[in-house]
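Contents: one structure, followed by commentary.
Convention: sequence-line order gives letters A, B, ...; per-chain numbering from 1. Here the structure is a predicted model, which is why all the values come from computation and not from measurement.
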Amino acid sequence: AQSVAQPEDQVNVAEGNPLTVKCTYSVSGNPYLFWYVQYPNRGLQFLLKYITGDNLVKGSYGFEAEFNKSQTSFHLKKPSALVSDSALYFCAVRDWGTGFQKLVFGTGTRLLVSP
Amino acid sequence: EAGVTQFPSHSVIEKGQTVTLRCDPISGHDNLYWYRRVMGKEIKFLLHFVKESKQDESGMPNNRFLAERTGGTYSTLKVQPAELEDSGVYFCASSQGPPAGGTYEQYFGPGTRLTVT
């Protein structure tokens, strides 16, 4: 079965510093990986995805993620954090088990960017 | 373009009562999904509709949960009777394209926070 792990419940970073939110995955077959963000009182918003191709994927709001097959990781990164980036971040992988598009999510990582 | 909408945003009910959650997907999206997040845990898949048909309901916890999608448009998720462990945030999502093989992103609604007391 497909799974993702987000080892950090919370990440704290100062504004202007680079940020990394970690995600590791376990899949059978090719991984389709996603990052979503949830701002307070809002739904999950799609940030970026990796399907194939370049290991560095660029997404919304200046975020990018690096796919590393040997380490089975898909860490989310941003060169310079903003206070407005503070939110809950979820990593997800597509579950191929049934042949459909359901997503398997991690437990989420709360990002707190301090001024 | 309107996004995925869910109603109500918050529901507080007593154990044993019935609650119905509604989801309106993005117009034209054939795929509709329900997910649930129990406090502090991962978001878990409940079921997937393609138009009005249930394609995958492997995540439904038990027969107290009933999902429908009338005419392939909006969907409802009924919990009857509700139990304490049903508390959580219920998300609805929709996407374009075929049920398999595509890479279409799922667009999520704001969620319904269900509290069972």
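- Closest heavy-atom contact between B:Ser58 and A:Lys102: OG-NZ, 3.1 Å.
- Taken together through direct or relayed side-chain contacts under 4.5 Å among Ile, Leu, Val, Met, Phe, Trp and Tyr, B:Trp34 and B:Tyr107 form parts of separate hydrophobic clusters.
- One distance of note links CZ of B:Phe45 with CG of A:Asp95; it measures 8.5 Å at 0.5 Å rounding.
- Within the 4.5 Å cutoff, side-chain heavy atoms of B:Arg37 are placed close to those of A:Leu88.
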side-chain contact (heavy atoms from CB on, under 4.5 Å) evaluation trace for A:Phe90 with B:Ile43: CA-CA 9 Å; A:Phe90 290 95; B:Ile43 299 169; 3.8 Å; yes
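- Between A:Phe105 and B:Glu42 the shortest heavy-atom distance is O-CB, 3.5 Å.
- Residue B:Lys54 qualifies as enclosed at atom NZ: its count of foreign heavy atoms under 6.0 Å is above 12.
- Using a 4.5 Å cut-off between heavy atoms, A:Gln38 contacts chain B through its side chain alone, with no backbone atom that close.
- Atom CG of A:Asp54 has 12 or fewer heavy atoms from other residues, nucleotides or ligands within 6.0 Å.
- Residue B:Gln6: no heavy atom, backbone or side chain, is found under 4.5 Å from chain A.
- By the neighbour-count criterion of 12 heavy atoms within 6.0 Å, atom CZ of B:Arg64 is densely surrounded, having more than that number from other residues, nucleotides or ligands.
- No more than 12 heavy-atom neighbours from other residues, nucleotides or ligands sit within 6.0 angstrom of CZ on B:Phe7.
- Under the 4.5 Å side-chain heavy-atom criterion for Ile, Leu, Val, Met, Phe, Trp and Tyr, B:Val38 and B:Val19 are members of distinct hydrophobic clusters.
- Residues B:Tyr35 and A:Leu103 have side chains in contact (heavy-atom distance under 4.5 Å, counting atoms from C-beta outward).
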